[in-house]
Each structure stands twice: as C-alpha cells, then as structure tokens.
Enquirer: 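Dropping a structure here in structure tokens format, bear with me for questions.
Naming: A, B, ... by sequence-line order, numbering from 1 per chain. Keep in mind that what you see is a predicted model, and the values were worked out from it rather than measured.
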Amino acid sequence: MNTESSMNNKLQNVNGVPISRREAMRRGITGTAGLLLADKFGGFGALAAEEQKPKPVIKAKAKSVIQIFLWGGMSHNDTWDPKPKSGYEYLGDFRGVLDTNVPGIQVSELFPQLAKQADKYSIIRSMTHRNNGHETAAYIMQTGHMPGERLAYPSVGAVFAMFKGYNAGYKGVLPPYVVMTQPQGRFSEAGFLGAKYKPFATGGDPNAARFEVEGVVARGITDDRQKARREFLGKMNTMRNAMPGNPQLAESKSTEESAYNLILGKGKEVFDLSLEKPELRDKYGRHTFGQECLVARRLVESGVPYVTINYPGGWDTHSNHFLTMRRQCPQLDQGLAALLQDLHDTGLLETTVVWCCGEFGRGPKVDWQPPWNGGRNHYGNVFSVLVAGGGFKSGCIVGSSDEKGEEVKERPVYPIDLMGSIYLLAGIDPNAKLPHPEGLDAFVLNPEEKGQKTAGYLTEIMNI
Amino acid sequence: MKTLSILTITVLLSTSVIAAPKAAPSASPPAKPAVSSNLFEAADCVVPETKIDKLVGEKLSKLGIKPAICSDEVFLRRVYLDVTGTLPTAAEARDFLQDKGKNKRAVLVNRLLDTLEYADFWAMKWSDILRVKAEFPVNLWPNAAQAYHHWIKISLRDNKPYDKFVREMLVSNGSNFRVGPVNFYRAVQSKTPEGLAASAALAFMGTRVDTWKDKEALPGMSVFFSQVSYKPTREWKEEIVFWDPDKEYNDAVKAAEQAAAAAAAEQAAAIAAAKAASKTATNVSAKATTNAVPKQAANVVAQAATNAVAAKPAIIVPKVAIFPDGTKLKTLPPDQDPREIFADWLITPKNPWFTKSIVNRMWSWLMGRGIIHEPDDIRPDNPPSNPKLLAYLQEEFIASKYDMKHLFRLILNSRTYQSSSIVPKSKELAKIEANFGFYPLRRLDAEVLIDAINQFTGTSDLYTSAIPEPFTFIPENKPAVALPDGSISSSFLELFGKPARATGQENERVSKFMATQKMHLLNSGHIQRKLETSPKLRSLIKARTVKNKDTSKDILEEIYLSVLSRFPTADEVKNAHAYAKSGIVKGNDVWIDIVWALLNSDEFLYRH
C-alpha cells in the first residue's frame, strides 16, 4: 500500500482539488476501505463539507472502553508477534509459538489462554510512532497527540469522560473515567481539560479480602458509623450554618451529597467482588491484574464509559527481561483471556472496546551485554496492539513487521489511526473541537500536527 | 497503656455527657445570628482605616456597602494561610487569641512575613507561574528544576527587590544546573524567540499574547529574544544558555546545510532505488541506465554540496525589534544583548505593564481576585475595577523600591483585607465582589490542604517523581508546599488540582470541589489512617487525661485550636458530647470522629 506516502504530504489532491490532511482524515480517504467509510461520512463529492460541522460519522457500537495499559512497554516479538526463526540474538529464551483457534494466527508460548480466544480479538502488528522515550511515547499512546506541541492534550479516557460522560448527560453514580488502581501520574491525564476530567483512581487492591476503593469503601467504617458521622458533620459545620446562600459553600454541599450517594448508595457494590461466583474469580486469576479485569467488567456493566487498567507491575525490562516475562505474561494471559470470554458470554463484548498495549514495544534484539545481561530496550519503530469488541472485528491480523520484528513491513498503523478508530466506534468525532482554556484551536485528534502521520482508520477490522 | 487510656476517655466522655444537659441552658448561646457575628465578625472596628480602605470605600459606598471586619479567630487563620500557606499551631492560636494587645494583628503580619514558610509558600506560587518542573510538558530536568526553585526561594526569603528578581531572569546566562534563573529560558514548551517572548509577556507583563490584536507585536517583541542560544555540555542534561549575537546567521547556515543534506539523501535514495530496479532488468537499455547510475549519483552529491554553500546567506537582514508599546528599534546594537535592551525598557516606573502586573497579581493572591481580573489577562478591553486603587498600589510599590513584603504588609493591614467573609445580601453581588466588599471563600490549595492535615495529625505523605534522579529524593517530613519540582507529586496532590505547570497561567490551578475529592476527605483509607495513627492526637489526649476528672473539654479545646485555630463554641461542645453519648463509636474513635468532622467542615476546607 502506498497510502502512507500520499498521506504524508501536507496536501492531498482529490479530484484535482488540493485538500488538507485534516479534511482527508475526516473523509477517511485512506485506500479502498477508506472509501467505504467515506460514503458513510456523507461522501466525497462536495467540498462544502469542509464548512459543515463534522458530525459523528457512524452509528456508535461501543458504549464503553476498557484500556489495559502495559506501562513500561511490552516486548512484541516475545508475545503477540512471535518471530521463531529470528535466531538466538533476537529470541533469547522464548522460541515456542502456539497455534490459536484461528487458523494462521500464532502467538508466543507465553499466551496459552489467549491462544484459545483468538476468535475474539484482532492483533495489530504494525503499530509505530518511532518514539523511544517513556513519557513522550506514553503521551502519544494515551492522547494521540505529538509531544512538543504547545498544548498538553487530554488522554483518550478524559475525552471519553467529556463526550460520553459529563457532556452526554451521563447519569451514573460512578465517575465516567475510572483507573485501576493508580493513575498514570507522569503527566496530567486531563491535560488542558482540567481536573474535572481526571480519572478516578480506585487505589486499593481488588485481590485483597476487601477491595478498599479510596473514598468509596473505607476500612473498618460501618454503615451505621458512616451515617452517624454524616449527621454529626452536619451539626458541627458551624461556618456553613452561619453562611447560608454562599455560592462556594453550596458547591461544597452538593459535592458532599454526590460523594455520599456513592459512599452510602448501591454504587459501591460494583467494587464488591464477593458478589461474583468464586469459580469466575478463579478463572480471572487470583492476582491483582486478574481481579482488576473482573472489576473492569463490572464497571462496564454498570455503564462507566472508560476504564483503564494500569498494569500492576512494569514492562520496562531492560534487564531480567526473560524472568519478568515468565512471571508477568501468565497473569496478563489469564486475566485478559478471562475478560474477553466473560464479556463475550455476557454479550458485553459487542458494545465494549478492549485495547491493550504499552507505550512502545521492546528491542527485538536482546541486549546480552552488561549491564543488561539479557534485557530489551525501548522500541517504538514497530510493536503490537490487541483490540477487541465494540465494533472491532475479531480473528484478524492488521499489518505486519519485518522478519525480525524491527520495522513495519506492511500497513503501518499510527497512533491517530488506532485512536481515531476507537473514537469512531464510540460515536465520537475524531475531529471534534475541544474546549481550550485560552480559546485556542484544539481537536480530539489532529493529523496536521507536526510529526503526525496517518495511514487511515482501521476500517479493515471495523464493522461499519 | 493504650487500652487504659482509651478506657479512661470513654468513661470521661460519658460522665461529662451526663453533666452536659444541666450545663446546657446557661452555656449555650441564645440564638444563631450571635454565632455569626461573634465567631466570624469583630464586634467593633479594631483596625484603623488606610488609604486602600478609602479608595475601596469610595466604590463600595456607591453600592451601599460597608463591610464588617472579621473576628480575631478568622483573621488569625486567614493571615497564616495567605502569608505562609500553613496553619497556626494550637499554642500559637491560643497566644494570639488571648493577647490583649491593640496592635496584635499588625504584629502578627510582620512576624509571618519573616518566616521561612513565607519563602516556601511564595516560591510555590512563583514556580507555578514560571513552570518549575523536571518533565512534561516543559522539560527542565530534576537538577535544573531544583536550582531554579532554590534561586526563587532564596530571592523571596531575602526579599530581593522585584525589579532585580525579574532582571536577573531576563538577562541570565550560564548553566541550567548552576545558574538558577537561566531556566527561565528553558521552562517553555517552545524555545523559539516567539515562545520566549510570550512567556516573558505572561510572567512579567501579565498579558496573554493570544489576545494581542496587533499581529506585528509578538514577532516584533520576539526579536529581543532572537539571540538566546543553548548548547549542551559533557554533563548529562546540562545545558548552557547564552547570548549568541550570530545566532540567526548560525541557525540559517545550519538549516541550509540540513536541507541540502536531506535533499542529497533523498536523491541518492532515488538513484539507489533505480539501480536496484535495473538490476533485475535484462534488456540493454536498462543496462545502460545501470552504468549511468554511479556518475549520476556523484553529480547529485556534488550539486548538493554546491547548493549548501549557495544556501549560506551572505547577509542576514536584521528584523525590526518592536517593544510591546509599539516603539520600534530599527537596529539592534551589535555589542549588547538585546534582552538587556528589553529589560531596560520593561523595568522602569513608567512601563505601562511591569508594576501594574505585579501589584495586581499580589493583590489578587491575597484578595482572591485581581483589580484587573484575571490577574494575568491585562488588555485594553479588560479594565481595572478600581483604577485609583491600582495606581496607588503602583506608586507605593515604586516608592518602596519594589519591596514585595512592603506591598503585602500594606494590603494585609488594611480593613479591606480584614473584611468579613460573610457575603452581604444584595442584588449587586457581582459588583460588590469585583470591588472587594467581602473576603471571598477559597478552597485550600492541594498542597496547603495536605500540609494542614499532616500538621495537626503529625503524619506525613510520600512524594515521588517518575524521573529517576538522585535529586528527586524527598525527606519524609517535607511539606508539599516546599516541594521544589512540579514533577514530584502524590495521588492526593493530583486529585486536588496541583497544576500541571504547563501554561504558566494562574487559572491552571483549580481549587474547586469535586465529588471525588469529597469522597477522599470523607471516606478514604488515606485520611482515616492518618486519624487512627495520629501521634499528635494520641499524645494530646494522653497528656490531658487525669484520673477521676473530666478533661474532655480541655481535649476538645486543644483539638479545635489545632484544627480550626479557635476555641469551640458552647453548641459545639454540646454536640460533641451528644455524639459521644450516642454510643455509635467508643473510645478513641470518638475523638477520631470529632477530628474527622472538623476536617470535613467548610471552616477547615476554605480560606475564609
């Protein structure tokens, strides 16, 4: 495909009329699959479309998203893009590959459970942004924007919190953007949208006897004490009682009431895993990640639009790589496979996008030299992403890397291609304007940003 | 021991509760309004009128408002939080409240302005404005952020005159690790002349370049910053900021060379591709092409080299530097750093932005709102609500030789600053607010809030940075206010709106309540653990527990002084007893719940 090179030009020529990349992106002029999409946009023909307000382009399939973020960057060739013939320098300890339940698709030996579920997900093997710094690459993979731009953009979850949450009449008791268990922290996840759109971080450990969700389920406070405290606070709130009608205190009161709706209401049961069958909990795996996946399902079930699981551990395996992978991959395999199966069984998979990746992959060639002694370095040239549900087709492979997993071989997928596709499936216009505090032009995604590349939405795996 | 003391408390509380109903009729105040006037407002005017009050009064009298003065209790807490970002200890609170001195408010103001906490607190404010952060979206790197913060803090501690403070930043040269103020030129997302000019305009002129109507103004101002140059050293992440008079020329040469090299590479690649294609071809004409390739490639490279030389601009046409007031400077003198010329223009009493911007900012920091509002949005169509007041503050600031503490003192000692926070009933509330008819309520900033909780519980929080550097090690008892680098944080600070230090705008810090924040304060393990393990609460209870004597009132009083900086009212004592008597919680948990209630009361959560 040569769509990439044509899209790299600042302007693309359509019917003899140059149009901007933004417009090209908007219309989905990205090869044959893109043409199909373009029809649903309302067609190419009229350039007047440029003047129209971009509307959500397809009927939304996805109601919710579960993002599993593999902080640190997970190796691609040890996992979902195995290269069994690349030799010891590349393979290290892992040579085995497994056939999956979809003929022609193989994954590494570390993922026996996911191998049985390949009919429920697709793998992108040509994700690329060529950025090898944790914070910059994480920013790219969380926001779809390029670092170094003047604005600090919100993460995908914060955009969901706005378009599927606060601005869409979301009535849930739970915040619309929930992170387990710790926030990303390295950069402000709400960007310029501000604190309201930050994720609610649960804290606690869902694998503990009681999942103590920070602020929702407190340690050792009975409901009776909770109610007594509330009443007591009402009496002791001398200043509030002395200043009726004060606007700030009215806000304090109303936020307090919302908080108590969750603390004393039914909402907190979402986090109560004792309501699940023990066998199902076992299936997810009795470890933090496995139980996080189960909580994620419960959150989605209750209508939360965006759930992020920040993998409880790290994938930044500069050294000790193979040991760490042997320890962590089975948990990832178990939790993720159980989640897909469960979402499938409950019918939620149709309306829930699941995506899983780190900020980049890891060097396909092993660093055998000291001080690494068998590690893998940061690698953003090509890596893999797993996507499932919510309108994504399953049992497909998108793109490929070269024989040693070092570069994209075919069909590059750039961050805005992936994120734009997720937005589309959820009925969010990827070109919609975001409110900026200084009134500057800011968009959900912007293919015209310096350094952005696109090869088109993932229409080949989208049910549209 | 522990169980014993808990038992004692239970007994003590319950015995006192039995006595409470008898005492109640005489002890409890007659009606609610009495609470508001006694507790939050002073009975008579204890503060003399100042020039500020006359100027504010002129506006307010037209609105039919004469503000009441806040009570000593309110003043004490307000001035501690506003000047130092900390709470008074129980002992400090008691001393002040029991002090009969007429001048005690002014004495306290002077004392607080000389504390180290003053420097820490205002260094935090300036670090927001100047974006002191190791990484993202500005990238100072930990040691540079530390150096910058240290320089800011020392400047404030020593009360460096404001004109000198600004000039040191504007004309600085040197290493980012060793010369703190050079980081002014690094704490931007775009190190272009325009990016630097925009940053200087926002920080020192209080104006946002995006609002400038004259489209020549920013490019004109940026010429003064067009010779700021950066170079790395052999030390990891060290960077030298320096004046390079030939920067434009050097940059043009570099750009031309890069462009030429890129063009050559592209052509060479095209030829290589052609060569590869012809290899597979078998016919004669293709072979001819193959032979031609090396020659062609050589030509291309030679041509590229010539292009590069030709691209070197012989003469750089100097751009015209324009001061933001429109004055043009046709040529930059070759022997002077243009930043100095800009600083000379900016830092004078006559400059229309410089003094106005800082006095307006300082006013807004204490009063919760600028005379020009927002304080960093000065523009012709955003006029001051009280021009005379603004002019007076400028005169005072200039006359004091840019003494920041003098200006703070002037405002803090005014009745306007010490006015009540009870909002008057009026249809013209917005106007009254814009003319400082009452002290507006503001939620405590994230850092101040957690420091206050840690202070009265005697606990601490862990602050970390994701950037692996020895400089990001934080001692356990470091207050959040004193954190030197915006990258060092905690989930509490993130939740409560610690700014990202991305824009340098004051409105980046949002201290408004959200439900998730309330959930945290009302019901998190984080806060509950602090209350349960609080060494201060434990020792406070223990120290005042005497056998066979009801000391619960003493303990309650001490808790009130620690948390709310005042004595409890009779009603509050009664309510606490009733809660203890209800039997829902027992032992230490009673005290924990009392502290919990005060911590969640608006009086604690807001500056008022």
Side-chain angles (χ1 to χ4, degrees), chain A residues 134-135 139 147-152 175 182-183 185-188 191-192 194-196 198 200-201 203-204 212 214-221 224-226 228-230 232-233 235-243 245-249 251-252 255-256 258-260 262-263 437-440, chain B residues 32 35-36 39-40 135-137 189-190 208 210 421-423 425 440-443 466 489 491 494-495 497 500 502-503 505 507-508 510 512-520 522-526 528-529 569 571-572 575-576 579 582 584-585 593-594 596-598 600-603 605-606 608:
Chain A
H134 283 297
E135 67 291 340
Y139 178 74
E149 281 285 306
R150 191 169 149 216
L151 311 176
Q182 296 301 323
R186 194 123 187 192
F187 48 82
S188 181
F192 56 73
K196 185 177 169 188
K198 278 192 179 179
F200 169 66
E212 286 172 4
E214 202 67 324
V216 179
V217 184
R219 204 169 47 134
I221 312 278
D224 280 350
R225 183 172 173 194
Q226 201 72 262
R229 270 183 163 192
R230 184 184 189 181
F232 182 50
L233 170 59
K235 286 183 187 155
M236 296 295 261
N237 218 337
T238 308
M239 191 175 90
R240 183 184 291 176
N241 299 335
M243 294 185 186
N246 180 294
Q248 280 89 3
L249 298 192
E251 182 183 75
S252 175
T255 51
E256 190 181 296
S258 313
Y260 272 118
L262 191 49
I263 294 169
E438 296 160 61
L440 302 179
Chain B
K32 279 225 158 146
V35 173
S36 65
L39 196 55
F40 299 108
E135 220 173 69
F136 197 80
Q189 285 179 63
S190 154
R208 304 171 186 173
D210 306 297
S421 51
I422 296 176
V423 178
K425 282 203 173 64
L441 261 48
R442 286 171 281 167
R443 204 209 73 200
S489 194
S491 53
E494 295 301 314
L495 177 63
T503 63
Q505 284 186 199
N507 60 10
E508 211 183 69
V510 179
K512 270 181 80 170
F513 261 120
M514 296 185 303
T516 46
Q517 297 169 347
K518 284 281 185 173
M519 280 156 56
H520 192 97
L522 291 165
N523 197 32
S524 67
H526 175 230
Q528 180 65 15
R529 254 189 307 278
T569 66
D571 267 359
E572 287 164 343
N575 287 334
Y579 188 72
S582 71
I584 287 167
V585 285
D593 282 8
I594 289 171
W596 170 91
L598 300 190
N600 279 289
S601 72
D602 289 333
E603 194 175 343
L605 298 170
Y606 286 87
H608 56 84

Enquirer: Classify the angle between the aromatic ring planes of Tyr139(A) and Phe136(B) as parallel (below 30°), tilted (30 to 60°) or perpendicular (above 60°).
Expert: tilted
Enquirer: What verdict does the side-chain contact (heavy atoms from CB on, under 4.5 Å) test give for Ser252(A) and Lys518(B), after you've listed the backbone C-alpha separation in whole Å, the side-chain angles of each residue and the deciding distance to 0.1 Å?
Expert: CA-CA 8 Å; Ser252(A) 175; Lys518(B) 284 281 185 173; 2.7 Å; yes
Enquirer: Is Ser582(B) close to chain A through its backbone or its side chain, or both, or neither, when contacts mean heavy atoms under 4.5 Å?
Expert: neither
Enquirer: Which distance, rounded to the nearest 0.5 Å, do you find between the CG of Leu440(A) and the CZ of Arg208(B)?
Expert: 10.5 Å
Enquirer: Can you tell me how far apart NZ (Lys235(A)) and CD (Glu572(B)) are? Round to the nearest 0.5 Å.
Expert: 13.0 Å
Enquirer: Heavy-atom pairs under 4.5 Å with chain A are the metric here; pick the option from Thr516(B), Val510(B), Leu522(B) that has the most.
Expert: Leu522(B)
Enquirer: Could you pull out the closest heavy-atom pair between Ala152(A) and Ala502(B), with the gap in Å?
Expert: CB-CB, 4.5 Å
Enquirer: First locate atom CD of Glu135(A), then atom CD of Glu135(B), and finally report the distance between them rounded to the nearest 0.5 Å.
Expert: 4.0 Å
Enquirer: Has the side chain of Asn575(B) got a donor or acceptor atom that lies under 3.5 Å from a matching backbone atom of Phe232(A)?
Expert: no
Enquirer: Run the numbers on Tyr606(B) and Leu249(A) for side-chain contact (heavy atoms from CB on, under 4.5 Å), then give the verdict.
Expert: CA-CA 9 Å; Tyr606(B) 286 87; Leu249(A) 298 192; 3.8 Å; yes
Enquirer: Between Asn237(A) and Ser601(B), is there a donor-acceptor pair closer than 3.5 Å when you use the side chain of the first and the backbone of the second?
Expert: no
Enquirer: With only heavy atoms counted, which part of Tyr260(A) is less than 4.5 Å from chain B, the side chain, the backbone, both or neither?
Expert: side chain
Enquirer: Measuring from atom CG of Asp571(B) to atom CE of Met236(A), what distance do you get when rounded to the nearest 0.5 angstrom?
Expert: 10.0 Å
Enquirer: Rounded to the nearest 0.5 Å, what's the gap from NZ on Lys512(B) to CD on Gln248(A)? Could you check?
Expert: 9.0 Å
Enquirer: Non-hydrogen atoms of chain B under 4.5 Å away: do they reach the side chain of Ala228(A), the backbone, both or neither?
Expert: both
Enquirer: If you tally heavy-atom pairs under 4.5 Å against chain A, which of Leu441(B), Val423(B), Leu598(B) wins?
Expert: Leu441(B)
Enquirer: Tell me, out of Val217(A), Asp224(A), Leu233(A), who's got the most heavy-atom pairs with chain B below 4.5 Å.
Expert: Leu233(A)
Enquirer: Which atoms of Arg529(B) are under 4.5 Å from chain A, going by heavy atoms: the side chain, the backbone, both sets, or neither?
Expert: both
Enquirer: Got a second to check how far Asp602(B)'s CG is from Glu251(A)'s CD, nearest 0.5 Å?
Expert: 10.5 Å
Enquirer: Which one wins on heavy-atom pair count under 4.5 Å against chain A: Gln517(B), Lys425(B), His526(B)?
Expert: His526(B)
Enquirer: Any chance you could lay out the side-chain contact (heavy atoms from CB on, under 4.5 Å) test for Lys196(A) and Met514(B), step after step, and finish with the verdict?
Expert: CA-CA 7 Å; Lys196(A) 185 177 169 188; Met514(B) 296 185 303; 4.1 Å; yes
Enquirer: Hey, which of Gly525(B), Ser491(B), Gly497(B), Pro440(B) has the most heavy atom pairs under 4.5 Å with chain A?
Expert: Gly525(B)
Enquirer: Compare every heavy atom of Gln528(B) with every heavy atom of Arg225(A), then report the nearest pair and how far apart it is.
Expert: NH2-NE2, 4.0 Å
Enquirer: Please evaluate residues Arg229(A) and Tyr579(B) with respect to the criterion side-chain contact (heavy atoms from CB on, under 4.5 Å), reporting the C-alpha separation (whole Å), side-chain torsions for both, the decisive distance (0.1 Å), and the verdict.
Expert: CA-CA 9 Å; Arg229(A) 270 183 163 192; Tyr579(B) 188 72; 3.8 Å; yes
